[in-house]
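Sequential numbering from 1 along the given sequence is applied to the chain's residues. For the numbers below, each heavy atom of this structure counts, side chains included, while hydrogens, waters and symmetry mates do not.
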Amino acid sequence: MEQVPSRPDVLEAGPPRPAVQYALVALAALLVFAGTLANGFVYDDVQLVLENPWVGSAEAMREVFSQPLFGFLESSTSQDPRHHYYRPLMHVLLFALRQGFGLQAWAYHLALMLMHAAVSALVLWLLRVCLAADPSGPRGRASGWAALGGALLFAVHPVHTEAVAWVSGAMDVGMTLAVLLAARLWLPVPTSPLRALGAGAVWFMGLLFKETPFVLPVLLWALERATASSEARGPLLAQARRYALLGVGFVAYLGLRLMALGSALPSSPAPTDAAHVGGVLALPADLGGKLVWPSPLAVLSPGGPVTSFADARVWGGALCGVALLAGALWAWRRGHTVAQAAGIWLGVPLLPALALQVRGVDAYAERYLYLPSVGFVLLVALALRAVRVRWPDRALALALACGGGLAAFTLLTLAYVPAWHDDLTLWTYTQETVGERPLIHYNLGNLHLNAGRLEEAIPHLEVAAQALPGEFRVHNNLAVAYAKTGRMKEARRELERTARLMPDNPVAWHNLGLVSRREGDLETAIARFHDALRLAPERVDSLLELGRTLLRAGRAAEAVAPLEAALRLEPGQEAARKTLAEARAAASAPPR
């Protein structure tokens, strides 16, 4: 009589076939973020998608390769060093979606979901390659299950919600997709010249999505050591040739960037006080801790800004650094090249965020963990395999624990996705989660201002303006709210401050002209509109308002030229057409 297998024998079965594994991971990635299809455009999406003139026509798209990311905004002109981000492929992606689907938000979210599914499938490939072992025996089966578990964790991890549920997060998803495609071309080692050039081309595209992939050579080097022997990698000269071919992509990117932006890098005036140093030390724990304990999640750090070295996150960050170095030393001494590769993929992509923090830019953003989490799930997969091999009789307990963890993370993601439904939902959720912050008040104030709820907008904007004295947009928008409620004295005060903050920005001078005209000081208004046009000669609004003000001041003949210029630039401008007719009639009328 044939014996019925016991439960441990049943659990010794290998993982599903590779095709099934890839399908499972991609399906999980799609299903967990399916709720984003009901979401709209949030936060920066409004500017990048709805107000972006570059993505509206093929002719305007020529600008994207010679301007910073937000170069189309007057409040983000090139003299502001905080906006020196060069990401033209984001505009190309938005242009393609705009031409195919218009402004239907679900299409943009679907594209992002598909990109995330592709990334998740490539993560499974990477984990399978790194964990590859003898296909027979428990270690081979354990590697297969561990790779599948790690890839599923990546697919459903709630910390990826910001990157996947927010259309602007396509920059992080796109650059990660490029990095993994480059790795797919690079392996197996030795890489042929054609594959090395292909990886370089993909690297070039990833850099055009976001700057972070400049660390790719280090990541590929770590993968080489983890997946191939020194004999397979070849002599140093052969390796140098491969990396030289890869570097063609970086040289092409660097040339484009230098022509567009010069050598400028994103920065803010970096303070040197203890709070700033503490913020730098705290970032690894404050941000990286969300990979292990992804709650609560929010656009801003739930812990708030670091104010002193006594903050537990400062010491936690320092301990994380020590632990990472100790782990690297242990892996190096033991010859665990896969563990070394995992640590490198986790830590190295976070260095750009740390550099931003050092330069004074607040670098807390959950989307920054999208690429580093590849290294994290590889570490998780290594741990799962080690436990499975060490205690083969505990397979059922391990399976239940993994299933429970994946279910918990999935539920957290499903709960977080609706927070990104619209701006009001997002910032209300953020305020409830992290408490009072100036940026939250600024965004809530803007929402009320745009909706015409001026009395609700002003208190939020006042709080933000007091806490952010150097932010151009905050004071400009507060001035607009004051002006719309007839508080012209306060409006002028805020506009004069914006002009001091960014004297080369035409918006401040234009708005000062509007306020001066409302106050009845027409000559000052005319001077301010001229100031705006000196900085932006083709600014249609300023040409129109200059013409209107000149006409009101009895200088009809002078009003004709700016109004004609406004119509040449924007032939459909009915207000300019009507005012031009009035100016011509007044200029040709006989004197009384």
Side-chain angles (χ1 to χ4, degrees), residues 41 46-63 71-77 94-95 98-99 102-104 446 449-454 457 476-477 479-486 488 491 495 505-590:
F41 298 115
V46 176
Q47 295 172 333
L48 281 175
V49 181
L50 302 181
E51 300 174 358
N52 187 349
W54 293 343
V55 300
S57 68
E59 183 179 0
M61 280 295 292
R62 291 180 298 183
E63 295 288 331
F72 57 88
L73 294 176
E74 291 175 309
S75 58
S76 298
T77 48
L94 294 177
F95 170 76
R98 179 79 168 265
Q99 301 311 303
L103 296 176
Q104 300 182 74
N446 284 347
L449 177 62
N450 294 333
R453 299 186 293 268
L454 303 176
N476 183 76
N477 293 358
V480 171
Y482 281 147
K484 287 186 175 182
T485 54
M488 307 310 297
L495 287 172
N505 193 300
V507 174
W509 302 107
H510 176 88
N511 288 340
L512 274 170
L514 293 176
V515 169
S516 296
R517 191 173 66 190
R518 286 278 298 273
E519 292 175 332
D521 188 351
L522 299 183
E523 293 305 318
T524 299
I526 291 169
R528 297 293 79 80
F529 290 131
H530 276 300
D531 288 334
L533 291 167
R534 175 176 50 83
L535 298 167
E538 296 186 349
R539 195 174 194 277
V540 174
D541 286 349
S542 296
L543 289 166
L544 171 61
E545 299 304 336
L546 174 59
R548 283 174 164 173
T549 310
L550 286 168
L551 180 60
R552 186 181 299 182
R555 297 158 60 178
E558 297 176 54
V560 172
L563 293 169
E564 288 178 338
L567 277 174
R568 282 196 303 271
L569 293 168
E570 196 172 311
Q573 177 62 262
E574 288 303 319
R577 190 180 306 279
K578 180 180 178 181
T579 309
L580 177 60
E582 294 176 8
R584 285 172 173 168
S588 61

(message) Please list all pairs meeting salt bridge (charged side-chain N to carboxylate O under 4.0 Å, His left out) that have one or both residues in residues 507-518, counting only residues at least two apart or in different chains.
(response)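 The answer is R517-E545.
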(request) Using the salt bridge (charged side-chain N to carboxylate O under 4.0 Å, His left out) rule, collect all pairs that involve residues 560-572, keeping only residues at least two apart or in two chains. (result)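 Every pair satisfying salt bridge (charged side-chain N to carboxylate O under 4.0 Å, His left out) with a residue in residues 560-572: E564-R584.
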(request) Sequence neighbours left out, what passes salt bridge (charged side-chain N to carboxylate O under 4.0 Å, His left out) with R62? Give chain and number order. (result)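 Applying salt bridge (charged side-chain N to carboxylate O under 4.0 Å, His left out) to R62 gives E59.
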Which residues pass the side-chain contact (heavy atoms from CB on, under 4.5 Å) test with [X], not counting sequence neighbours?
X	result
E51	V46, Q47
A491	Y482, A483, V515
A559	L550, L551, L563, A583
K484	L454, V480

(request) Could you tell me whether the side chain of L103 reaches within less than 4.5 Å of the side chain of L50, counting heavy atoms only? (result)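 Of all side-chain heavy-atom pairs linking L103 with L50, at least one is under 4.5 Å.
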(message) Enumerate the ring-ring contact (aromatic ring centres under 6.0 Å, His included) contacts for residues 539-579, please, sequence neighbours excluded, ordered by first and then second residue.
(response)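 Applying ring-ring contact (aromatic ring centres under 6.0 Å, His included) to every pair that reaches into residues 539-579, excluding sequence neighbours, yields nothing.
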(message) Minimum heavy-atom separation for Q99 and G56, please, with both atom names.
(response)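 Minimum heavy-atom contact is NE2-O, 3.8 Å.
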(request) Not counting sequence neighbours, which residues clear side-chain hydrogen bond (donor to acceptor under 3.5 Å, both in side chains) with E519? List them please. (result)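 R492.
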(request) Quick one: list whatever passes ring-ring contact (aromatic ring centres under 6.0 Å, His included) with F41, sequence neighbours left out. (result)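 Applying ring-ring contact (aromatic ring centres under 6.0 Å, His included) to F41 gives Y108.
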Quick one: pull up [atom1] in [X] and [atom2] in [Y] and give me the separation to the nearest 0.5 Å.
X	Y	atom1	atom2	value
L546	T579	CG	OG1	11.5 Å
L569	L543	CG	CG	6.5 Å
T549	L514	OG1	CG	7.5 Å
L48	F72	CG	CZ	5.0 Å

Which atom pairs, donor and acceptor, lie under 3.5 Å between side-chain atoms of residues 523-538 and protein residues at least two apart or in another chain?
residue: E523; atom: OE1; partner: R555; partner atom: NH1; Å: 2.8
residue: E523; atom: OE2; partner: R555; partner atom: NH1; Å: 3.2
residue: T524; atom: OG1; partner: D521; partner atom: OD1; Å: 3.0
residue: T524; atom: OG1; partner: D521; partner atom: OD2; Å: 2.6
residue: R528; atom: NE; partner: D531; partner atom: OD2; Å: 2.9
residue: R528; atom: NH2; partner: D531; partner atom: OD2; Å: 2.9

(message) Looking at R98 and S57, would you say the former's side chain and the latter's main chain have a donor-acceptor pair under 3.5 Å?
(response)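 The answer is no, because no donor-acceptor pair under 3.5 Å joins these two groups.
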